[in-house]
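A, B, ... follow the sequence lines: proteins, then strands. Residue 1 opens every chain. Keep in mind it's a predicted model, so treat the numbers as computed, not measured.
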Amino acid sequence: MTGTKGEELRKRAKEKRSERFRRAWYKFSRNRISVVGLVMVLAIVLLAIFAPYVTPYPKHAGAFVDFMTGSVGPSLKHWLGTDVFGRDILTRVIFAFRGALIMSTGVLVLVVPLGVVLGLIAGYLKGTWIETVIMRITDVFLALPPLILALAVSALMRPTLFNSMMAVCVSWWPWYTRLIYGMASSLRNEFYVKASELTGASKPHVIFREILPNCIAPIFTKMTLDVGWVILTGASLSFVGLGEQPPKAALGTMISDGAKYLPAQWWIAVFPAIAIMVVVLAFNLLGDGIKDMLATEEGS
Amino acid sequence: MGCNTMAKDILVVENLKKYFPTKKKGLYVKAVDGISFTVREGETLGLVGESGSGKSTTAYNVIGMYGVTAGKIYFKGVDISGDAGKRPLSLKKDLQMVFQDPGTSLNPQRTIGQILALPLKVHKIPGEGERLEDRLIQLLETVELPPEYIYKYPRSIGGGERQMVAIARALATNPSFVVLDEPTSALDVSVQAKIINMLIRLQKQFNLSYLFITHDLSLMRNLATRVAIMYLGKIAEIAPAVDFFRSPKHPYTQMLLSSIPVISGAEEEMKPKKVPSRGEIPSPVNVPPGCGFHPRCPMARQICLEVDPIMVETIPDHFVRCHLFAGAAEAREVVGA
């Protein structure tokens with residue numbers, strides 16, 4: 001009897017969840033600018049995934065030389081012009097998005113769980129030696145300028161996309177630890193946390209089931225905003241030659257190569273730079289929209 | 001109830017002290033400063049006091065939210081005043097708490113089903129062959145909530161309903177003792193009565209003992225078996241409820257009882273004695289010398305400024321800590337002899 005009752009309850013709960021999703025989307029879509037951000041992000045991701053099919057000259061992504069069409073300005077044939085080797089810049093920018101997106105996803109996948117878990121533990125165990133150890137190490141990493149730290153680390157290793165990703169990770173995790181540490185150390189005094197402790201819940205339960213769900217909104221917002229910033233940092237690394245190596249396309253290398261031909265052949269450097277700007281802007285707009293959506297979601 | 005047969009003491013607090021260090025070295029906030037009381041099986045002890053009197057600190061000490069500075073707490077004869085963080089699971093099962101504001105005591109990110117399932121899972125309550133879900137629905141039924149609330153979030157139900165969920169959580173482990181920390185003061189007046197009636201019904205149904213913390217003295221008239229008045233970290237008076245409201249002894253109690261607002265003249269007549277209320281509770285950091293109440297006491301004498309009075313039993317089971325009654329105990333002994 002209760003079995004069918006339970007089924008029915010679960011079905012109703014599922015409906016409630018889809019309703020919640022609809023309401024969240026409604027809140028998000030009310031802000032036009034964040035919808036623009038979402039569309040831009042989706043466009044960039046789709047372009048990057050289907051780069052070999054959507055770009056006009058897929059061969060130009062790698063080692064390709066055709067000096068006959070070298071350094072041609074923007075035209076109908078080459079919308080963003082070509083570089084000195086005659087490679088289509090639009091094609092190379094879209095292929096460069098692949099590396100940039102792989103890098104930012106990779107960094108976030110590695111950094112967020114690590115930073116969040118350390119922050120939760122340190123925040124929950126505030127006042128113990130564990131907190132001291134975690135937070136002082138975090139402070140040391142925070143004290144170093146992130147770009148300098150990433151430069152130093154990647155200079156120690158062979159310049160590859162993966163290694164520059166690792167280098168960015170080293171300088172990125174402390175920000176998550178700090179953010180979550182601050183939240184966890186105040187959330188642990190909430191009465192619902194006290195109530196679960198008093199009934200005998202384990203520390204992992206309190207940390208991951210009681211405190212973590214209440215940190216999800218800021219984590220999510222920061223992640224979206226960080227995609228843009230990681231791409232920017234990755235471009236800075238590849239600008240100085242650390243990261244994806246030629247002949248593969250990377251936004252930073254394209255700018256540093258093109259900088260030599262400024263101002264005459266301006267398109268070689270300027271268009272990749274605008275591309276970076278557009279990506280960072282897109283993720284920032286999306287992040288702002290998500291922040292507003294989650295903020296009102298909390299308040300209701 | 002009355003005091004015909006002495007029920008067993010379930011909770012005994014002896015000379016409990018809880019001091020909090022302040023920023024200045026050597027200075028302490030004496031939140032609870034040497035209190036003793038007992039709660040008997042099946043009864044409700046009302047612990048009443050103004051804000052800052054130390055009543056909530058007492059509750060948190062009993063429940064084990066933080067350790068005691070000095071003194072002993074015995075629960076069912078076992079000393080539980082040791083390290084509050086190392087209480088055995090069986091004790092946590094037997095001793096539960098309902099917090100003041102259900103808006104903050106229920107996790108906003110967890111469904112009511114998840115909230116109620118936690119104590120069950122921790123204490124492995126639905127045994128073999130019994131389904132957790134059935135037990136959850138049963139729990140909701142106990143507090144008169146419909147079963148579909150399992151999948152709701154605390155924010156989508158009303159304040160009174162939330163407090164019922166908090167009560168259901170406290171009862172999930174079949175405790176014998178529940179600390180109620182102002183369970184109705186965050187709620188609308190309209191739902192307060194409902195919660196109180198439910199608490200009375202549940203007490204009978206499950207033979208619970210309550211330590212009921214409140215600042216609402218009038219609430220205690222119908223609810224408490226015995227009432228204790230706290231002032232500045234100390235108990236001023238403790239007596240069976242009937243006796244307490246009929247013949248309050250301590251000037252502070254008299255002051256509190258005469259400041260209960262009433263509507264009719266008849267009710268006004270029921271008040272034992274009119275004592276005007278004046279002043280505020282002093283800071284527990286700078287406790288005045290002598291009796292803590294003397295700056296506000298209309299009957300303060302020279303001795304009250306110098307010596308802190310001790311607890312005396314004026315009539316059986318009625319204790320007062322006031323110089324006015326200092327001789328009462330000896331007098332009674334003489335009469336009795």
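- Contact annotation: the side chain of A:His205 never approaches that of B:Val122 to less than 4.5 Å [non-hydrogen atoms, C-beta and beyond].
- By the neighbour-count criterion of 12 heavy atoms within 6.0 Å, atom CG of B:Leu89 is densely surrounded, having more than that number from other residues, nucleotides or ligands.
- The number of heavy atoms from other shown groups lying within 6.0 Å of OH (B:Tyr19) is above 12.
- Interface residue B:Leu106: only backbone heavy atoms are found under 4.5 Å from chain A.
- Other residues, nucleotides and ligands contribute over 12 non-hydrogen atoms within 6.0 Å of the CZ atom of B:Arg87.
- With A:Thr199 as the fixed residue, the side chain to side chain contact (heavy atoms under 4.5 Å, CB included) test singles out one of B:Met97, B:His123, B:Lys93: B:His123.
- Between A:Glu197 and B:Lys92, the shortest heavy-atom contact is O-NZ, 3.7 Å.
- The local environment of CZ in A:Arg32 is sparse, with at most 12 non-hydrogen atoms from other residues, nucleotides or ligands closer than 6.0 Å.
- Within the 4.5 angstrom heavy-atom criterion, only side-chain atoms of B:Gln96, from C-beta onward, approach chain A.
- Minimum interatomic distance between B:Ser105 and A:Ala195 (heavy atoms only, all atoms of both residues): O-CB, 4.4 Å.
- No part of B:Lys121 comes within reach of chain A, as not one of its non-hydrogen atoms sits under 4.5 angstrom from that chain.
- Atoms CD and CG, on A:Glu210 and B:Leu118 in that order, are 6.0 Å from each other to the nearest 0.5 Å.
- In this structure, A:Phe162 places its CZ atom where only 12 or fewer heavy-atom neighbours from other residues, nucleotides or ligands lie under 6.0 Å away.
- Looking at B:Tyr66, there are no atoms closer than 4.5 Å to chain A (heavy atoms on both sides), in backbone or side chain.
- The number of heavy atoms from other shown groups lying within 6.0 Å of CZ (A:Phe220) does not exceed 12.
- With a 4.5 angstrom heavy-atom cutoff, B:Tyr149 does not touch chain A via any of its atoms.
- For residues 170-193 of chain A, a heavy-atom distance under 4.5 Å to chain B picks out A:Glu190, A:Phe191, A:Tyr192, given by residue number.
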